[in-house]
Number of protein chains: 2
Amino acid sequence: MDLVFEIDFQSDEALYTQLCNQIIIGIAKEMVHEGDALPSVRQLADAVGINMHTVNKAYTVLKQEGYVKVDRRKGAVIAVDINKLHALSEAKRDLRVLLAKASCMGLSKEEIHGLIDELYEEYGG
Amino acid sequence: MDLVFEIDFQSDEALYTQLCNQIIIGIAKEMVHEGDALPSVRQLADAVGINMHTVNKAYTVLKQEGYVKVDRRKGAVIAVDINKLHALSEAKRDLRVLLAKASCMGLSKEEIHGLIDELYEEYGG
DNA sequence: CATCTGTTATAACATATATATAACAGTTGA
DNA sequence: TCAACTGTTATATATATGTTATAACAGATG
């Protein structure tokens, strides 16, 4: 398991959301691949110092969004199978607000493209 | 006031967040400009059918983020003065997750740039 | 058979969201 | 001056969400 989980208890992001995002970013960075097993809910909960149910909620959300499947033998397993229509419309809604804020900040379209390139470099693409 | 406020009571977004986002997008679309007065908390609350305090929370958040100032005479007024350091680091955090999801969806960097261009067109360019 | 999976149930508590009623100080315009 | 309007603050209530806690269950593993 190449993933390193780090919980920020001061963050305004929910703990389960932090876990979800770290796993999704881990997939994009190719630190984990299809079929890789995630830590068990109890293991991960102990490792980062949170409750089992909080980890379980993260896994449940990831399962609903299509990043994870459950194998009775291996437990939670990476298995990317995303509903693109739904995911894309959600991404657009978020992007609209994000770009509006960027525009208010005075960022040009070119600067935004640069920002995208900078961040996207982290993901093999 | 060119802004039209529409509340989706079925949305998972908080009501005050919906108001914030619509105002920020309105600024980016240049539907409102520096110095324009926003509706009073009571007017807007009545207009969209929510509580005064929910509107007040939206205005308070917008004030903290630097999109609005309060003029004792005019009430809440558009006045874009954003802490770029803070706003940019927040934007990057959001973008990182958004791009990871896009990468998992199989979107190429070029397709993402296209998406940005499409959405950014709504804001004067 | 003991031990590990995810899952479910129940309970409890803190925080966030939203509403309701009420009041206050400053500003405006009649 | 005075009524009507600002944002702001205080208090209370209701509901939803997030998090923890304890416990149990069925299926798979070795």
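Naming convention: chains lettered A, B, ... in sequence-line order (proteins, then strands); numbering from 1 in each chain. Note that these values count all heavy atoms, side chains included, but never hydrogens, waters or copies made by symmetry.
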Worksheet, complete the sentence: When A:Leu19, A:Ile23, A:Val70 are each screened for side chain to side chain contact (heavy atoms under 4.5 Å, CB included) with A:Tyr59, the one that passes is A:Ile23
Discussion item. Are more than 12 heavy atoms, taken from residues, nucleotides or ligands other than B:His33, located less than 6.0 Å from that residue's NE2 atom?
Written reply: yes
Fill in: Rounded distance (Å) that lies between atom C1' of C:dT8 and atom OH of A:Tyr59
18 Å
Item to complete: Would you mind reading off the distance between A:Asn56 atom CG and D:dT19 atom P, rounded to a whole angstrom?
Response: 13 Å
Worksheet item: Are B:Val61 and B:Val68 connected in the hydrophobic side-chain network, where two residues link if heavy atoms are under 4.5 Å apart?
Response: no
Item to complete: For each nucleotide in nucleotides 16-30 of chain C, reading 5' to 3', give B when a protein heavy atom comes within less than 4.0 Å of its base, S when such contact involves only the sugar-phosphate, and - otherwise.
Response: -SSBBBBB---SS--
Discussion item. In the structure I gave you, are the side-chain heavy atoms of A:Lys101 and B:Tyr67 within less than 4.5 Å of one another anywhere?
Written reply: yes
Fill in: Basic-acidic side-chain contact under 4.0 Å: A:Asp12, B:Arg93
yes
Discussion item. Just N and O in the side chain of B:Ser40: are any of them under 4.0 Å from OP1 or OP2 of D:dT6?
Written reply: yes
Practice prompt. Find out whether the Lys NZ or Arg CZ of B:Lys57 is both under 6.0 angstrom from the six-membered ring centre of B:Tyr16 and within 45° of the ring's axis.
Written response: yes
Item to complete: Please determine if a side-chain N or O atom of B:Gln43 lies less than 4.0 Å away from the OP1 or OP2 oxygen of D:dT6.
Response: yes
Discussion item. Counting the atoms with a prime plus P, OP1 and OP2 as sugar-phosphate, which does B:Lys69 contact under 4.0 Å by heavy atoms, base, sugar-phosphate, or nothing?
Written reply: nothing
